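First the structure, in the form of structure tokens, and then the observations on it.
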Amino acid sequence: MRLVVYMDIIWLLNFLVDSLLLWLTSIALKRPARMWRMLLGGLIGSCLILMSFTSSLSYYAGNPFMKLAFSIAMIFVVFGFKRWRYFFSNLLTFYFVTFLMGGILIGAHYFIQFDYQMEANVLLASIRGFGDPISWAFIIIGIPAAWVFSKQRINGLEMAKIQYEQLADVEIEIEGCTLSLKGLVDSGNHLYDPLSKMPVMIVSIQAVRERLPEEIAALAEDPDRFMDGSIHLLDEWSGRVRFVPAKMVGKSSALLIAYKPDAIRISNSNGTWQVKKALVSFTAQVLSSDDAFDCIIHPKMMAEAPAVSA
């Protein structure tokens, strides 16, 4: 059996893939690099393939320390050296991108491939020679597609982390009702009672409807029923009512019905504190599509949080 090895094709593929990985590393770090530097880094990385086909150097090509040395050289050529932390950040991100792309491609390949014996033959042929054109196209197209997918997932995780850092536990006591909620601190919330200047917290009744009087839940769905007199509150609740003007989408202005609670306690990583002066407005709207939070905390309420020493 005659074995034909297309070394130039294999080298070209590795050169392009290494250059692409360096470019993706630059994008991930938001550190632009010149194109010729990335191509030079890819050229250095592809030299390992040439070494692996050389009998006297094939042993060194598979050595982990030799691979690390080539990776260091590639990162140095592309990003240079400013300080150790900067350099190791570039190097570790390069490995992260490499393993991420490789893992996604291997997982996708096994996911869509059902004939494992045929896949093994194709993979072996790809290593030994030119290989299956479908596999080559899969690699060339799959790496950019894997990057787009992973970038979207990473952005989604970053947004989830940012949102998680803005979450706090909220406990509201009002007229014998204790409501335990998860709140989101919204810096864009500027709702104040114009008379008392107290901040307003927006609470969705979806998670606490059964603990509230039916009249309060009905007003959360349609506040106008209080104005036209179709709903009458008990004296205990009517004495807590405040009207807060607000701007809403689709309306130039509106009046929100807010209530003066007995107590509001907020807890986060800094500790637990009680908000001395605040109002609560109930709404029937779902504030979070994934049920991550049930109320919107006014940023002024966070000003009373206990200070944490460095």
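No hydrogens, no waters, no symmetry mates; every other heavy atom, side chains included, goes into these values. The structure displayed is predicted, hence computed values, not measured ones.
- Under the 4.5 Å side-chain heavy-atom criterion for Ile, Leu, Val, Met, Phe, Trp and Tyr, M38 and I72 are members of the same hydrophobic cluster.
- Between E215 and R225, none of the side-chain N atoms (NZ, or NE/NH1/NH2) sits under 4.0 Å from a carboxylate O, so this pair counts as no salt bridge.
- Between W237 and Y259, the ring planes lie perpendicular to each other; the angle is over 60°, past the 30° to 60° tilted range.
- Put simply, V286 and L181 are part of two different groups of oily side chains (I, L, V, M, F, W, Y) that touch within less than 4.5 Å, one to the next.
- S238 has its side chain within reach of D235: a pair of non-hydrogen atoms, C-beta onward, lies under 4.5 Å apart.
- Annotation: the span from R34 atom CZ to S26 atom OG amounts to 12.5 Å, rounded to 0.5 Å.
- With V275 as reference, M301 is the one residue of M302, H298, M301 to meet the side chain to side chain contact (heavy atoms under 4.5 Å, CB included) rule.
- Atom NZ of K182 and atom CG of D169 lie 3.5 Å apart (nearest 0.5 Å).
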Practice prompt. Start with the C-alpha gap between M201 and I172, add the side-chain angles, then the distance that decides, and say whether side-chain contact (heavy atoms from CB on, under 4.5 Å) holds.
Written response: CA-CA 10 Å; M201 176 185 293; I172 301 173; 3.8 Å; yes

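- A donor-acceptor contact closer than 3.5 angstrom links the side chains of S196 and D193.
- In plain terms, the two heavy atoms of A258 and L279 that are nearest each other are CB-CB, 4.0 Å.
- You'll find the side chain of L212 reaches within 4.5 Å of the side chain of L179, heavy atoms only.
- With contacts defined as side-chain heavy-atom distances shorter than 4.5 Å, the pair P64/L68 does not qualify.
- Atom CG of residue D294 and atom OG of residue S204 lie 6.5 Å apart, to the nearest 0.5 angstrom.
- Sorted by first then second residue, the salt bridge (charged side-chain N to carboxylate O under 4.0 Å, His left out) pairs that include residues 255-271, not counting sequence neighbours, are E171-R265, E173-R265, R240-D262.
- Criterion: ILVMFWY side-chain heavy atoms under 4.5 Å apart, direct or through other members. Under it, F88 and F65 are not part of a common hydrophobic cluster.
- The cluster map of Ile, Leu, Val, Met, Phe, Trp and Tyr, joined by side-chain heavy atoms under 4.5 Å apart, puts L92 and V78 in different clusters.
- Looking at heavy atoms from C-beta onward, F70 lies in side-chain contact with M51 at the 4.5 angstrom threshold.
- Grouping the Ile, Leu, Val, Met, Phe, Trp and Tyr side chains by contacts below 4.5 angstrom, directly or via other members, places F243 apart from Y192.
- L22 and F79 get closest at one heavy-atom pair: O-CZ, 4.3 Å.
- Summarising the local packing, CZ of F81 is surrounded by more than 12 heavy atoms from other residues, nucleotides or ligands at distances under 6.0 Å.
- Across all their heavy atoms, G41 and M74 have their closest contact at O-CG, 3.3 Å.
- The side-chain hydrogen bond (donor to acceptor under 3.5 Å, both in side chains) contacts involving residues 69-88 comprise S71-Y95, where partners must be two or more places apart or lie in separate chains.
- Among V280, L184, V203, V208, the one residue that satisfies the side chain to side chain contact (heavy atoms under 4.5 Å, CB included) test with C295 is V203.
- The CZ atom of R211 lies 13.0 Å from the CD1 atom of I205; values are rounded to the nearest 0.5 Å.
- Between the CZ atom of F94 and the CZ atom of F99 there is a distance of 9.0 Å, given to the nearest 0.5 Å.
- Across all non-hydrogen atoms, the minimal contact from S281 to L256 is OG-CB, 4.1 Å.
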Worksheet entry | Step-by-step side-chain contact (heavy atoms from CB on, under 4.5 Å) determination, I216 to F282 | CA-CA 8 Å; I216 302 300; F282 296 104; 3.7 Å; yes

Item to complete: Let me see the working for L48 and K67 under side-chain contact (heavy atoms from CB on, under 4.5 Å), right down to the final yes or no.
Response: CA-CA 8 Å; L48 275 174; K67 295 178 181 178; 4.2 Å; yes

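- S46 contributes a side-chain N or O that, together with a main-chain N or O of L43, makes up a donor-acceptor pair within less than 3.5 Å.
- Here the CG atom belonging to L24 is positioned 9.0 Å from the OG1 atom belonging to T98, to the nearest 0.5 angstrom.
- Listed here is the closest heavy atom pair of L191 and P245: CD2-O, 4.1 Å.
- Between T272 and S267, the shortest heavy-atom contact is OG1-OG, 2.8 Å.
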Practice prompt. Please assess S288 against Q206 for the test side-chain contact (heavy atoms from CB on, under 4.5 Å), listing each intermediate value before the final yes or no.
Written response: CA-CA 11 Å; S288 173; Q206 299 299 321; over 6 Å; no

